[in-house]
Amino acid sequence: MRQQGAWMKWEQAMERSVTWKDIWQWNPQRIKFLIQEVYDVLPSPSNLCIWGKIETPACPLCSKIGTLEHILSSCSKALGEGRYRWRHDQVLKSITEAISKGIKGRRRTQATAKTIHFVKEGQRPEKTPRNRSAGLLPTARDWVMSVDLERQLKMPPHITQTRLGPDTILVSEATKQLVLLELTVPWEERMEEAQERKREKYQELVEDCRRNRWKTRCMPVEVGSRGFASHSLSKAYGTLGITGANRRRAIGNNVEAAEKASRWLWLKRGEQWGQ
Ligand SMILES: [Zn+2]
């Protein structure tokens, strides 16, 4: 019960609803894997041993106990071989695609929504109320996004000098705004811990940038290794101004990326890793 009901302790994870449409459209193997991984009933070495099918519950890569959690999230050999990094980058790619669409979409609406407000002689122009709830992306026209996919990112030296390299940096030179986005793909039970660790890691950097008069935001986000997004991801999209159907679509793509990558890691658990 403790093992199969562990999902009840995922406090930061957003609920997922698998609709009938999904069930018709998805590959049956995908649904099977999703259900088995959530309830931890996949034939991991540790489960096979409990079920009396094998003698020792060893991980095929190292000799530690091969639970699902170990294979998908805690194996030091898998980590060293870059397996988890590869999954992280799959999810990061899908997040930055959504942000990049958000930036482009903003440019389009700016180009089409130019209205001229005429003012009668002797009257003062009314101040147009700025929509503060629209998020950060609409507040500048010159956002440039850099992503840490092939090589580690460096902070632009005119903003601050640091050895830290966040996953994604968004800069608007004109408005002196800076957004740091840092992704973790943790085991679902450890989302909160990942959030706190990353926030602490970047705190000093954020303060340095603010001292240099950059309006800085640091947004650690988590997508769990079994395909459940943390509320922090949804909030980060909202802060940027990606909301409604666009946000739902983005999160759907992000969790799918995590889920697919984890399934691949699971299938390759006993095989050589090479891309
Ligand atoms: Zn291992």
Side-chain angles (χ1 to χ4, degrees), residues 1-13 27 29-95 148-152 165 167 182-198 200-201 220-230 254-275:
M1 279 300 282
R2 197 183 63 191
Q3 187 176 334
Q4 292 176 14
W7 60 272
M8 286 188 270
K9 288 184 286 182
W10 300 357
E11 284 177 3
Q12 297 306 312
N27 175 335
Q29 292 301 322
R30 182 177 167 194
I31 297 172
K32 194 173 168 205
F33 183 74
L34 180 65
I35 294 171
Q36 288 184 318
E37 65 171 2
V38 168
Y39 294 101
D40 197 356
V41 291
L42 281 162
S44 59
S46 118
N47 276 347
L48 286 173
C49 188
I50 292 168
W51 300 336
K53 309 242 176 181
I54 54 172
E55 294 285 307
T56 50
C59 161
L61 298 178
C62 64
S63 50
K64 292 196 178 143
I65 295 177
T67 58
L68 182 66
E69 187 263 336
H70 175 86
I71 289 170
L72 289 185
S73 185
S74 306
C75 178
S76 52
K77 183 104 189 287
L79 177 73
E81 288 178 350
R83 295 181 192 227
Y84 303 149
R85 178 79 214 179
W86 168 80
R87 177 178 58 199
H88 170 274
D89 288 354
Q90 302 297 310
V91 181
L92 183 60
K93 242 184 259 174
S94 96
I95 292 176
D148 170 16
L149 280 172
E150 262 87 54
R151 57 197 175 86
Q152 209 203 0
D167 286 326
E182 177 70 18
L183 167 71
T184 315
V185 184
W187 191 240
E188 270 77 356
E189 279 94 318
R190 290 195 292 267
M191 280 175 163
E192 205 169 348
E193 191 188 308
Q195 168 76 218
E196 275 165 27
R197 192 179 62 237
K198 291 290 173 80
E200 211 169 283
K201 182 176 171 189
V221 297
E222 301 82 36
V223 177
S225 46
R226 284 167 289 176
F228 287 78
S230 157
N254 305 154
V255 300
E256 188 180 339
E259 192 193 304
K260 279 190 174 164
S262 282
R263 184 158 163 242
W264 186 248
L265 294 185
W266 166 257
L267 293 172
K268 295 280 171 190
R269 63 194 180 279
E271 291 175 31
Q272 287 252 326
W273 184 253
Q275 294 165 60

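Whatever order the structure lists them in is the order used to number ligands and atoms, beginning at 1. In this chain, numbering begins with 1 at the start of the sequence shown.
Taking 4.5 Å as the limit, some side-chain heavy atom of R87 sits within range of a side-chain heavy atom of L265. Considering only heavy atoms from C-beta on, E196 comes within 4.5 Å of E192 through its side chain.
For the Zn ion (ligand 1), the nearby protein N/O/S atoms, meaning those under 2.8 Å, are C59 SG, C62 SG, H70 NE2, C75 SG.
Side-chain polar atoms of E189 and W10 form a donor-acceptor pair below 3.5 angstrom.
The salt bridge (charged side-chain N to carboxylate O under 4.0 Å, His left out) analysis of residues 56-77, with sequence neighbours excluded, yields the pairs E69-R190, K77-E81.
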Q: Starting from the C-alpha separation in whole Å, work towards a yes-or-no answer on side-chain contact (heavy atoms from CB on, under 4.5 Å) for L34 and F228.
A: CA-CA 10 Å; L34 180 65; F228 287 78; 4.3 Å; yes
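Under the 3.5 Å distance criterion, the side-chain polar atoms of D167 are matched with a main-chain donor or acceptor of L183.
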